[in-house]
*Asks:* 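The structure's right below; bear with me while I get my questions together.
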Amino acid sequence: MAGLRESWLRLASGAKILLGSAAFGVVGVGPLLLYIAFGPADGNPIGLGLLAMVALPVAAIGIGIGLVVLVMEMFRGGRG
């Protein structure tokens, strides 16, 4: 069981989880923001709104997990 935990920690550090989740959030909300900025004034981007509505909570949960893992790594003194 300890080997599984160590291999998982090598793959997913707190910073990687944090940055990946933030990038996921930007990719999920970016198209809607671009449509608002450059799209037609009377447009109705339902699909882009649904994409943002799903991406933001997932990204927020991932950022929270990344912060917890990052704080645990800081208290533990790095990776080992």
Side-chain angles (χ1 to χ4, degrees):
M1 198 53 118
L4 179 65
R5 180 173 173 250
E6 291 299 322
S7 66
W8 184 82
L9 285 175
R10 275 192 299 249
L11 289 175
S13 68
K16 284 182 187 177
I17 296 171
L18 189 67
L19 290 175
S21 298
F24 182 77
V26 168
V27 168
V29 175
L32 180 62
L33 294 177
L34 289 173
Y35 187 88
I36 291 170
F38 301 115
D42 61 346
N44 192 5
I46 294 172
L48 296 177
L50 290 173
L51 175 66
M53 190 176 76
V54 170
L56 274 181
V58 172
I61 291 170
I63 288 171
I65 291 171
L67 284 173
V68 168
V69 171
L70 190 63
V71 167
M72 287 174 35
E73 287 175 352
M74 292 170 101
F75 281 125
R76 203 174 63 209
R79 292 206 170 186

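Treat the numbers as computed from the prediction; the structure is a model and nothing was measured.
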*Asks:* Going hydrophobic residue to hydrophobic residue with side-chain gaps under 4.5 angstrom, can you get from Leu34 over to Leu51?
*Replies:* no

*Asks:* Minimum heavy-atom separation for Ala52 to Pro57, with atom names?
*Replies:* O-CD, 4.4 Å

*Asks:* Would you give the length of the straight line joining atom CD1 of Ile63 to atom CG of Leu70, rounded to the nearest 0.5 angstrom?
*Replies:* 12.5 Å

*Asks:* Measure across Ser21 and Ala59 and return the closest heavy-atom pair with its distance rounded to 0.1 Å.
*Replies:* O-CB, 3.4 Å

*Asks:* Does any N or O in the side chain of Glu73 come within less than 3.5 Å of the main-chain N or O of Ser13, such that one atom is a donor and the other an acceptor?
*Replies:* no

*Asks:* Which residues pass the side chain to side chain contact (heavy atoms under 4.5 Å, CB included) test with Pro45, not counting sequence neighbours?
*Replies:* Leu32, Tyr35, Leu48

*Asks:* Could you list the residues that satisfy side chain to side chain contact (heavy atoms under 4.5 Å, CB included) with Leu50, not counting sequence neighbours?
*Replies:* Ile46, Met53

*Asks:* When rounded to the nearest 0.5 angstrom, what is the spacing between CG in Leu33 and CZ in Phe38?
*Replies:* 10.5 Å

